Amino acid sequence: MFRWDVVGQNLFSQLFLNAAWTTLWIAVIAQTFGVIIGLFLALMRVSRFPFLAWPVRFYVWLFRGSPVLVQILILYFGLPNVFPSLVTYITVYSATLIALSLNEGAYMSEIIRAGITSVDTGQMEAAKSLGMRYSLAMRRIILPQAARVIIPPLGNEFNNMLKTTSLASVIGLFELTYTAQVYGSQGFVIFELLIVATLYYLVLTTLWGYIQNWIERRIDPDRATKAGLREQKGWTGRVLSFGSPRSDWTLGGGPPPGK
Amino acid sequence: MSIEQSNGYGVEMVRAEQIVKRFGHLTVLNGVDLSVKRGQVVVIIGPSGSGKTTLLRCINHLEKIDSGRIYIDGQLVGYREVNGRLVEDREAAIAHMRSQVGFVFQRFNLFPHKTALENVIEAPIYVLRQPRDEVTKRAMALLTKVGLVEKAHVFPHKLSGGQQQRVAIARSLAMNPKLMLFDEVTSALDPELVGEVLKVMRQLAEEGMTMVVVTHEMGFARDVADHVIFMDKAVIVEQGTPEQIFDHAENERTRTFLGMIREE
């Protein structure tokens, strides 16, 4: 018999609010580090030095080719076994954060690399012809343009991340899934509490969906053009809302020859 | 000291010696020599694939060369000599050389995430580290000069091709270059927009800017050039004054090319 009252009691309980908060901050921190790792890997990958690009290929191959669940288990159980000195550093939190960040870094590196390579090669040439060094051109000219290509898939990655945190339940991190499992089996209400956890995941992903929509609308060239670019305030407006109607938007900033 | 010597007119600004450039098995420059004196306007003409754009790109080291030497203002470009062999120069040295040489592209290559003004002030602020308000003042003067001061706060995609190209010229001029390279800068433009860009270039030439111009605009070449170079099949076929090339070409290939252009 499904007990709706248990769902009701736990929906706004301190227990689940804490668990949801844990899920959220784990996801935010892992995603943040994932983006930072991914950025560095992507920059190595697009560099003209093969000795920088090859390790990245290996890294991506390794982390995208194996389950993140196994990566969490290896970090939590495997490594301290082999290197006992790590025991003090490896907690459920650090193991989860490290595994999720490293794994996310692999995916983000491919997304960011795609963003960088989507920028017209003429942009780097123009920057160099003005005396910019590669690093300055990358920072000031290429990456801001790559950002608008990177941001939509980045939003999807974070949606995934919110749900992937549930894998930390296997090593006993009290995020939503583990909280539901532990307290559910204690009181024989596992189904009820898993439903509560599900509702929390849905709330988190739905809220994120709204935020993602808002960001994507801000970087949408059509809307940006209609709204008038100068009226866009804040960093999203300044950094991301440039461009022209999608149909003829070229990263090189000019119309195709003969137009 | 004559006036010509005192302002450096006549001193060699660009010197290229026996440039060879290959893309794989294709030789696009096969022993090209070039000399551009300060204040001179040199126009390079020739059919597509003759190597003229590649030559221009080699001058500021956007392309590496396979052999030969290029000097700008007496300085070896892109390479330095180590024990008699040429090795590619450090990035900082190449960037420093490029900061003194303006390059205008066929496809404009304005930065689409920056307004016209921001395009112009970017490099002086971040490369030359000049103060922003000073650079902005100079940039507005340059935008006035190219007739676009009212478009200062407009993003490139809202500008016509001709306007974008004039912003691109202003962007190069903001670095106070001692040499300007123009790579078919009107080829991507609607015919009615070509004039406004050529007008800016004519004005620059009159002010004494040293320019190397790759173009299909024969009227411009005839009027503005001090020296015309005809290239075909990776070599310089013929060169001389505009009159020599356009009216008294000696080489058959030059005459054929000019004949085809005139029929258009």
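From a predicted model like this one, the values you see are computed outputs, not experimental measurements.
Under a cut-off of 6.0 angstrom, the local environment of NZ in Lys199(B) is sparse, with at most 12 non-hydrogen atoms contributed by other residues, nucleotides or ligands. Applying the 6.0 Å contact sphere to CZ of Phe58(A) captures no more than 12 heavy atoms from other residues, nucleotides or ligands. Other residues, nucleotides and ligands place more than 12 heavy atoms under 6.0 Å from the NE2 atom of His216(B). More than 12 non-hydrogen atoms from other residues, nucleotides or ligands lie less than 6.0 angstrom from CH2 of Trp25(A). Counting heavy atoms of neighbouring residues, nucleotides and ligands inside a 6.0 Å radius, atom OH of Tyr59(A) exceeds 12 of them. Counted within 6.0 Å of OH on Tyr201(A), heavy atoms from surrounding residues, nucleotides or ligands total more than 12; the atom is thus considered enclosed. A 6.0 Å sphere centred on CZ of Phe51(A) holds more than 12 heavy atoms belonging to other residues, nucleotides or ligands.
Every residue was checked against the salt bridge (charged side-chain N to carboxylate O under 4.0 Å, His left out) condition with Lys128(A), not counting sequence neighbours, and none meets it. Every residue two or more places apart in sequence or in another chain that forms a salt bridge (charged side-chain N to carboxylate O under 4.0 Å, His left out) with Glu122(B) is listed here: Arg140(A), Lys114(B).
Contacts between Leu136(A) and chain B at a heavy-atom distance below 4.5 Å involve the side chain alone, from C-beta outward. For Phe103(B), the parts lying under 4.5 angstrom from a heavy atom of chain A are both the backbone and the side chain.
Taken from CE in Met175(B) to OG in Ser129(A), the straight-line distance is 9.0 Å, to the nearest 0.5 Å. Annotation: the span from Leu130(A) atom CG to Phe111(B) atom CZ amounts to 5.5 Å, rounded to 0.5 Å.
Using a 4.5 Å heavy-atom cut-off against chain A, the contacting residues of residues 85-95 of chain B are Glu91(B), Ala92(B), Ala95(B). Below 4.5 Å, heavy atoms of chain A meet heavy atoms from Arg57(B), Asn60(B), Leu62(B), all part of residues 55-65 of chain B.
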